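Following: one structure in structure tokens, then a few remarks.
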Amino acid sequence: MELNELMAAADKYIEDNWSQVIDDIASLVEIESVEDLEAAEPGKPFGPGPAEALDEALSIAKRLGFETNNVDGYMGYADLPGATDTQIGLIGHMDVVPAGPGWNFQPFGVSLKDGYLMGRGVLDDKGPSVVALHAMKLLKDQGLDLPYTIRFLFGTNEETGMNDVPYYRERYADPAFLFTPDAEFPVCYGEKGGFDATVVSAPIEGGEFVEFEGGSATNAVAGQAFCIVNRRVDDLPEAEGITVTYLDDDRMRIDAKGKSAHASTPELGKSAIGLLADYVLANGIGNQQERDFLGFVQKVVDFPDGSGVGIATSDEYFGPLTLNGGTIKLEDGRFTQTLDSRWPTSTTPEQITESITAITEPLGASFENTLLMVPFLVKPDSAPIQALLAAYNDVTGEDAEPFTIGGGTYAREFTSGASFGPEMPWLEMPEWVGGIHGPDEGVSDAQLREAFKIYAAALFNLEQIEL
């Protein structure tokens with residue numbers, strides 16, 4: 001069979017089966033598969049929701065004619081046997097983040113409006129997983145002689161730590177190559193290293209700040225920050241993003257409003273912590289010890305390339321290092337500042353630590369590395385990456401190039417892998433369509449149909465190369 005013949009079969013599959021694809025997505029979205037460790041039990045290690053979603057995914061796969069297995073509730077898989085035990089892997093996740101406030105559509109159900117599917121998980125990652133599973137079914141229906149077994153892995157803990165992967169890998173060999181439909185097209189071949197840290201100041205003696213707090217997550221640029229100062233400074237100047245409120249004759253509150261962004265792209269945001277630190281330092285607020293520590297905070301949040309603390313670097317695959325100071329809090333007389341760096345291959349965790357502690361140690365501050373992930377890379381000119389890229393370009397008619405990201409996906413948890421669509425952030429969406437993790441999560445039906453053909457072409461291409 002030639003690829004053009006498979007694509008003709010894909011068009012026919014869509015015509016005959018798309019309503020079933022949507023129904024399968026809906027059956028998963030209806031399950032509130034949010035982690036609940038308090039309700040965990042054997043067979044349901046991340047709570048009843050993820051376990052129920054896993055059962056439903058395996059039920060769908062079994063109905064489609066695949067051999068299935070539940071790996072003690074941590075993961076499940078569906079196999080399409082090939083001539084050898086060498087595996088091409090796909091992996092999607094059945095867990096989701098909580099619905100959160102602000103929805104105009106039912107979060108746990110698929111609503112169809114003007115060509116869009118709306119609901120928690122339609123894009124991250126239940127919708128793409130179902131589409132990729134049906135692409136696997138298309139290959140099965142063609143009766144092809146497949147050199148490699150195709151294994152679809154259904155994860156249950158991607159959103160809160162990927163603690164499902166080690167359990168699976170202790171019991172089964174990795175696929176020779178794996179991709180996850182949980183990112184952007186055309187194809188991501190690498191993910192930066194991750195380095196999180198917590199810096200805690202020495203005890204503040206006789207400080208002026210009663211409260212100082214900003215940000216909600218280490219891995220996000222702080223959109224809001226505030227401080228309460230135990231003295232009043234009249235006639236403070238106006239500044240963008242800054243609001244000063246005089247609470248009484250002896251205290252004032254200063255609020256800062258920035259722009260949030262993901263920690264992998266801090267340059268797209270504006271740190272409220274930075275705005276607040278800049279303002280209080282420019283206006284002589286805080287005692288010397290407080291000002292010294294906030295000077296360090298400035299070096300972190302005002303320089304998202306890491307140059308403020310001497311760790312700026314870049315490489316040919318990942319581009320520049322990024323640094324984000326996501327949260328700050330004054331508690332029990334100490335400042336605590338969190339750091340999130342996404343680092344390329346041109347530096348090391350030891351170099352990052354050495355540069356930052358050279359600044360923090362003279363302040364009497366402690367430094368703790370709280371997360372460490374090494375960069376993950378499959379060379380862009382390798383046969384598997386080129387097979388995925390060709391699938392995308394052949395179906396879309398584009399001449400796109402592969403890329404790397406600062407975030408992390410299931411791909412990095414295995415020996416060899418990539419993240420592969422179906423997000424197309426360059427598409428213009430109606431204003432009522434939200435993104436992943438936010439209210440009114442939505443995805444275009446047309447986008448999923450195109451992804452179905454891309455995933456079918458990708459599996460076909462991977463079966464043609466040497467793994």
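Because the structure is a prediction, the values reported are computed rather than measured.
The minimum heavy-atom distance linking A197 with T370 is given by the pair N-OG1, 3.6 Å. Closest heavy-atom contact between E56 and S27: OE2-OG, 3.1 Å. For L139 against A456, the heavy-atom pair with the smallest separation is CD1-O, 3.7 Å. The two residues A57 and L28 come nearest to each other via the heavy atoms N-CD2, 3.8 Å. In terms of heavy-atom proximity, A78 sits nearest to A61 at CB-CB, 3.7 Å.
N219 and D340 share no side-chain donor-acceptor pair at under 3.5 Å. N157 and H93 form no side-chain donor-acceptor contact under 3.5 Å, judged by distance and modelled atom types alone. A side-chain N or O of Y167 and one of D72 form a donor-acceptor pair less than 3.5 Å apart. In this model, no donor atom of one side chain and acceptor atom of the other lie less than 3.5 Å apart for T180 and T409. Looking only at atom types and distance, the side chain of T322 has no donor-acceptor partner in the side chain of K192 under 3.5 Å away. Looking only at atom types and distance, the side chain of D174 has a donor-acceptor partner in the side chain of T415 under 3.5 Å away. Inspection of the D114 and W432 side chains reveals no N or O donor paired with an N or O acceptor under 3.5 Å. Between the side chains of D164 and Y410, at least one donor-acceptor pair of N or O atoms lies under 3.5 Å. Using modelled atom types, one finds a donor on one side chain and an acceptor on the other under 3.5 Å when comparing H134 with D24.
Within 6.0 Å of the CD atom in E170, the count of heavy atoms belonging to other residues, nucleotides or ligands exceeds 12. Counting heavy-atom neighbours within 6.0 Å of D16 CG, excluding the residue itself, gives a total above 12. The number of heavy atoms from other shown groups lying within 6.0 Å of CG (D85) does not exceed 12. Residue-environment remark: NZ (K137) exceeds the threshold of 12 foreign heavy atoms within 6.0 Å. A 6.0 Å sphere centred on CD of E431 holds no more than 12 heavy atoms belonging to other residues, nucleotides or ligands. By the 6.0 Å contact criterion, CD on E240 is open, its count of non-hydrogen atoms from other residues, nucleotides or ligands being 12 or less. Within a 6.0 Å radius of CD in E354, other residues, nucleotides and ligands contribute 12 heavy atoms or fewer.
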- side chain to side chain contact (heavy atoms under 4.5 Å, CB included) assessment of S33 paired with V96: CA-CA 6 Å; S33 51; V96 295; 3.8 Å; yes
- After noting the C-alpha distance and the side-chain angles of I91 and M75, does the key distance pass the side chain to side chain contact (heavy atoms under 4.5 Å, CB included) rule? CA-CA 10 Å; I91 184 168; M75 276 198 179; 3.5 Å; yes
- Task: Test side chain to side chain contact (heavy atoms under 4.5 Å, CB included) on E35 and D95 and set out the steps.
- Result: CA-CA 7 Å; E35 181 187 74; D95 61 313; over 6 Å; no
- Evaluate the side chain to side chain contact (heavy atoms under 4.5 Å, CB included) criterion for residues L462 and Y148: first the C-alpha distance (whole Å), next the side-chain angles of each, then the deciding distance (0.1 Å), finally the verdict. CA-CA 9 Å; L462 289 171; Y148 310 121; over 6 Å; no
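Side-chain contact check for D182 versus P128: every heavy-atom pair is 4.5 Å or farther apart. The closest side-chain heavy-atom distance from M118 to W103 is not below 4.5 Å. Looking at F105 and V110, their side chains never come closer than 4.5 Å, going by heavy atoms from C-beta outward. Side-chain contact between R151 and P175 is absent, with no heavy-atom pair separated by less than 4.5 Å. Side-chain atoms of L339 and F367, non-hydrogen and from C-beta on, do get closer than 4.5 Å to each other. Within the 4.5 Å cutoff, side-chain heavy atoms of F195 are placed close to those of N369. No side-chain heavy atom of L388 sits less than 4.5 Å from a side-chain heavy atom of Y189. Between F414 and F376, every side-chain heavy-atom pair lies at or beyond the 4.5 Å cut-off.
Note: F179 and Y455 have parallel aromatic rings, judged against thresholds of 30 and 60 degrees for the angle between ring planes.
Q447 contributes a side-chain N or O that, together with a main-chain N or O of P422, makes up a donor-acceptor pair within less than 3.5 Å. Side-chain atoms of N393 come within 3.5 Å of backbone atoms of A400 as a donor-acceptor pair (strictly under, hydrogens ignored). D315 contributes a side-chain N or O that, together with a main-chain N or O of F318, makes up a donor-acceptor pair within less than 3.5 Å. Judged by distance alone, the side chain of Q87 and the main-chain N or O of F177 form no donor-acceptor pair under 3.5 Å. Between the side chain of E213 and the main chain of F226, no donor-acceptor pair closer than 3.5 Å is present. The closest donor-acceptor contact from the side chain of N324 to the backbone of T218 lies under 3.5 Å. At least one donor-acceptor pair under 3.5 Å links the side chain of S355 to the backbone N or O of Q351. Using modelled atom types, one side-chain atom of D440 and one backbone atom of N104 make a donor-acceptor pair closer than 3.5 Å. Checking side-chain atoms of T149 against main-chain N and O of G82 turns up a donor-acceptor pair under 3.5 Å. E413 places no side-chain N or O within donor-acceptor distance of the main-chain N or O of M162, the cut-off being under 3.5 Å.
A cation-pi geometry, defined here as NZ or CZ lying under 6.0 Å from the six-membered ring centre and within 45° of its normal, does not hold between R120 and F108.
Aromatic rings of Y74 and F46 (six-membered ring for Trp) have centroids within the 6.0 Å cut-off, being under it. Ring pair Y77/F154: centre-to-centre distance not below 6.0 Å.
Going from atom CG of L459 over to atom CD1 of I150 covers 4.5 Å, rounded to the nearest 0.5 Å.
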